[in-house]
Amino acid sequence: MSIDPNEEVRATFYQECEERLGDLEQGLLQMEKGAHDSETVNAVFRAVHSIKGGAGAFGMDPLVRFAHVFETTLDDMRSNRLPITQEVMRVMLRAADVLSDHVTCARDGVVPDESHSAALVAAMQALDRGGEHAAGDAHEAQAAGHGAAPSAGSAPGLAAVEPPAPTGPREWQISFRPAASMYAKANDAVLLLRELSRLGQLTVTLDTSGLPPLDEIDPESSYLSWSVRLQTEASEAEIREIFDFVEEECPLEILPPAGAKTADAPPPAPKPAAAVAAAPAAPPPPKPAEPEASAPPAAAAAPAAAARAPAAPAAAAPTIRVDLERVDRLINLVGELVIDQAVLAQRVVEAGLARSSDVAVGLEELEQLTREIQDSVMAIRAQPVRSVFQRMPRLVREVCSMTGKPAQLVTEGEGTEVDKTVIERLTDPITHMIRNAIDHGLEPVAKRLAAGKPAEGTIRLSARHRSGRIVIEVSDDGGGINRDVVRKKAIERGLIAAGATLSDEETDNLIFLPGFSTAETITDVSGRGVGMDVVRRSIQDLGGRISITSIPGKGSTFSMSLPLTLAVLDGMVVSVDTQTLVVPLTAIIETLQPRTGNLYDLGSGTVMAVRENYVPLIDVGAVLGYREEAAPPTNGVTLLVESEGRGRVALLVDAIQGQRQVVIKSLESNYGRVEGIAAATILGDGRVALILDVDAVIACRRRLAYRAADIPQLETAS
Amino acid sequence: MSKTILTVDDSRTMRDMLRMTLAGEGFTVLEAEDGVHGLEVMAEKGEETTINVIITDINMPRMDGFGFIEGVRKDERHRGTPILVLTTESDTAKKMRAKAAGATGWIVKPFTPAKLLEAVRRVAG
């Protein structure tokens with residue numbers, strides 16, 4: 001019995017599931033910390049209930065079955081049948097995880113792992129309820145049976161007796177006498193009659209014998225009753241179903257067609273309340289019992305205004321949902337606006353207008369406004385990092401149980417906002433860092449106790465804004481980085497020379513090198529072939545930086561600093577040959593002037609001496625094919641950049657024009673992919689400038705160099 | 001003439017689903033997220049619009065369905081407005097409580113569009 005799968009509602013459902021699962025987790029964690037108030041427990045119950053409700057509508061049976069047991073258990077907690085103990089909470093938290101898995105499975109169309117969920121169902125049912133649970137179940141089963149049989153009520157025996165398949169229409173004799181309470185709940189005899197008429201031929205007789213004289217009529221009371229002859233093929237159950245809503249308030253008598261076998265039930269006596277309301281005497285004035293039921297007829301005559309009113313949700317909700325595409329289009333347009341504004345500003349300068357001229361002043365105001373619009377539009381896409389942070393408690397639980405190290409997660413600044421695209425790509429690095437923090441960061445319990453620390457480790461995950469960027473930190477109170485081990489590993493792997501002198505900071509940063517792993521044995525948890533180098537790469541892809549600080553015996557802190565948006569970028573604008581290029585500022589360490597004295601030709605390429613190190617020099621113009629021959633380096637400027645996994649490289653450009661924020665335009669969607677180029681932007685003079693993909697340029701250069709001379713590369717340790 | 005239906009449910013999925021079916025049948029749909037909000041919507045829209053049917057969930061934050069139904073019935077203008085509660089099959093006790101609070105009928109979850117429209121027809125003609 002599921003509604004047609006409507007994709008839109010389905011999407012809403014999954015979105016809502018995400019939110020509800022978050023609420024669920026939050027609530028359970030609060031309960032775990034001792035918040036046993038009905039408010040919290042109710043909110044948790046509602047979260048599961050709501051997921052179950054939606055899932056039921058989509059016919060997601062495994063999910064519904066699991067949610068049902070979960071919900072029943074929570075209901076027991078809510079009504080104090082099940083005491084809230086630590087053990088119960090552990091089971092509940094695991095159940096929340098399984099529920100979340102079920103939702104994921106349903107969304108991805110994957111068959112859920114029933115063994116997992118069966119184990120938890122068993123665990124939930126095994127929770128000590130003092131023997132009441134079995135009774136509750138039985139009651140529920142009974143109730144369900146009850147609901148399935150529409151004729152329930154006064155004659156339960158009837159439900160079981162399904163009348164033999166009728167042969168042609170038969171005549172039923174039906175009489176009913178609504179009590180005043182039926183009208184009080186907005187039910188209406190006319191509607192019951194209308195429903196009956198849908199089943200077949202109807203002959204209605206109104207019994208007005210109960211009506212008092214006009215001046216004695218109580219408009220709130222009920223005086224009328226009806227008897228109906230109904231020619232129908234429908235069964236008694238179908239007829240009774242019409243009275244389903246009113247069975248308590250509308251004594252009903254159904255006489256079967258002559259010859260049909262049935263266990264006739266005498267109509268129950270009218271309720272005392274109705275009897276009180278009904279006037280005793282009964283002379284017959286006019287009929288209007290219906291208007292007395294007041295509202296329904298009036299309601300039927302809905303004013304034209306209703307028709308005109310749009311179906312807009314009346315919700316005075318403080319939020320609206322907008323298609324992401326629309327927002328993106330808006331952002332794009334604002335990007336254009338910023339560019340046009342810059343173009344205009346340049347034209348004004350070129351026209352030789354004075355800075356104090358009205359045009360220039362007006363333009364300045366426009367610039368201010370443009371910037372504000374840009375910020376506001378960017379804010380639309382901004383979302384709190386909560387959605388990512390919320391997934392972490394579960395991860396911590398899982399990793400703790402895998403490693404056998406107890407740990408608690410403390411989160412701060414969940415409300416910190418950052419662009420949606422950034423958020424989406426934050427999950428993996430944070431997941432990995434937290435995994436690492438527990439697996440590698442925290443010491444085994446015995447060691448912690450020996451060091452005078454609590455057995456349970458603390459992992460701190462925080463987010464905050466700092467100078468136009470978001471800073472996310474993952475810290476642990478473990479043993480800190482063991483620099484001796486790191487150094488030994490690095491030497492073993494040939495990452496550093498045996499005798500190299502490294503500062504503590506430099507040693508700590510070795511863990512970001514590709515292929516570095518300090519764990520003695522590859523563990524289940526962290527040994528998945530992803531190292532900190534991958535974390536660093538994904539952070540850098542977002543235009544971010546990652547750093548580490550570690551204090552032996554006290555713990556380590558990984559700190560990521562990310563741009564708030566991927567739509568604009570701080571770049572260094574440079575000239576190469578006749579072209580203008582933009583180099584992302586985050587990649588640049590410093591700019592250097594090459595001099596003849598610090599350049600060394602190695603045949604396959606040139607290296608530049610940067611203090612005590614040698615770095616490969618790459619002529620950007622040659623790599624991108626702007627010029628055939630490498631330009632003489634001394635005529636240009638070099639940008640020292642940090643490349644992914646290949647150490648530092650000096651990029652040679654002709655000149656630096658300046659530094660500015662540029663709006664990123666996708667090159668792929670507007671033109672096509674170009675090797676070595678990440679995207680494009682439009683500068684104030686209206687020209688298109690390409691944004692350099694530093695890593696890709698270095699990779700290009702390596703391929704060119706291989707082709708030119710078959711000698712191993714110098715710039716890497718491989 | 002289009003009838004107006006107010007749906008009160010804290011689940012967006014459920015509200016969307018109700019709206020999809022009801023609006024598809026030409027009903028004007030108003031929505032509220034919980035009992036308190038439902039009463040607010042009624043107070044706000046009740047003047048210019050006749051709300052012909054109310055469909056409400058039971059389990060909701062701030063004010064549950066029972067409280068909401070009682071609140072609606074207290075209002076002179078809405079004493080006779082049919083109210084359908086959304087309930088699950090096994091909730092006989094809840095059905096009775098909802099009736100006691102003044103509900104007109106119920107819709108058993110999960111429901112098909114046909115079931116939903118039938119329930120609406122049964123209370124509103």
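Chain naming here is simple, since letters A, B, ... match the order of the sequence lines and numbering starts at 1 in each.
Using a 4.5 Å cut-off between heavy atoms, A:Leu192 does not touch chain B at all. Using a 4.5 Å cut-off between heavy atoms, A:Gln15 touches chain B through backbone and side chain atoms alike. In this structure, no portion of A:Ala43 lies under 4.5 Å from any heavy atom of chain B. Residue B:Arg122 touches chain A through both its backbone and its side chain, counting heavy-atom pairs closer than 4.5 Å. Of the two parts of B:Leu22, neither the backbone nor the side chain holds a non-hydrogen atom closer than 4.5 Å to a non-hydrogen atom of chain A. Contact annotation for A:Glu16: both backbone and side-chain heavy atoms come within less than 4.5 Å of a heavy atom of chain B.
Taking the side chain as every heavy atom from C-beta outward, B:Lys109 and A:Lys52 never approach each other to under 4.5 Å. Side-chain contact between B:Arg121 and A:Glu195 is present, with heavy atoms from C-beta onward closer than 4.5 Å. No side-chain heavy atom of A:Arg10 sits less than 4.5 Å from a side-chain heavy atom of B:Met17. Within the 4.5 Å cutoff, the side chain of A:Tyr14 has no heavy atoms near those of the B:Thr13 side chain.
Salt bridge A:Arg20/B:Asp10: present, at least one basic N to carboxylate O contact under 4.0 Å. A salt bridge does not link A:Glu39 with B:Arg62: every distance from a Lys NZ or Arg NE/NH1/NH2 to an Asp or Glu carboxylate oxygen is 4.0 Å or more.
Under the 3.5 Å distance criterion, the side-chain polar atoms of B:Thr104 are left unmatched by any main-chain donor or acceptor of A:Asn187. Checking side-chain atoms of B:Lys99 against main-chain N and O of A:Phe245 turns up a donor-acceptor pair under 3.5 Å.
Taking CG of B:Asp34 as the reference point, atom CZ of A:Arg46 lies at 9.0 Å (rounded to 0.5 Å). With rounding to the nearest 0.5 Å, the separation of OG in A:Ser50 from CG in B:Asp57 is 8.0 Å.
Heavy-atom pairs under 4.5 Å with chain A peak, among B:Met14, B:Met60, B:Arg15, B:Glu118, at B:Met60. Between chain B and the options A:Asn42, A:Val246, A:Ile242, A:Val64, the largest number of non-hydrogen pairs under 4.5 Å is found for A:Ile242. Each of B:Gly38, B:Ala101, B:Ala119, B:Ala103 has some count of heavy-atom pairs under 4.5 Å with chain A, and the biggest count is that of B:Ala103.
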Assess the residue pair B:Asp16 and A:Thr12 against the criterion (side-chain hydrogen bond (donor to acceptor under 3.5 Å, both in side chains)); give the C-alpha distance rounded to whole Å, side-chain angles, the decisive distance to 0.1 Å, and a yes or no.
CA-CA 8 Å; B:Asp16 278 8; A:Thr12 311; 2.9 Å; yes
Mind running side-chain contact (heavy atoms from CB on, under 4.5 Å) on A:Lys185 and B:Arg79 for me, showing each step along the way?
CA-CA 8 Å; A:Lys185 286 160 198 168; B:Arg79 281 197 320 156; over 6 Å; no
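Counting all heavy atoms, side chain and backbone alike, A:Ala186 lies closest to B:Arg73 at CB-NH2, 3.6 Å.
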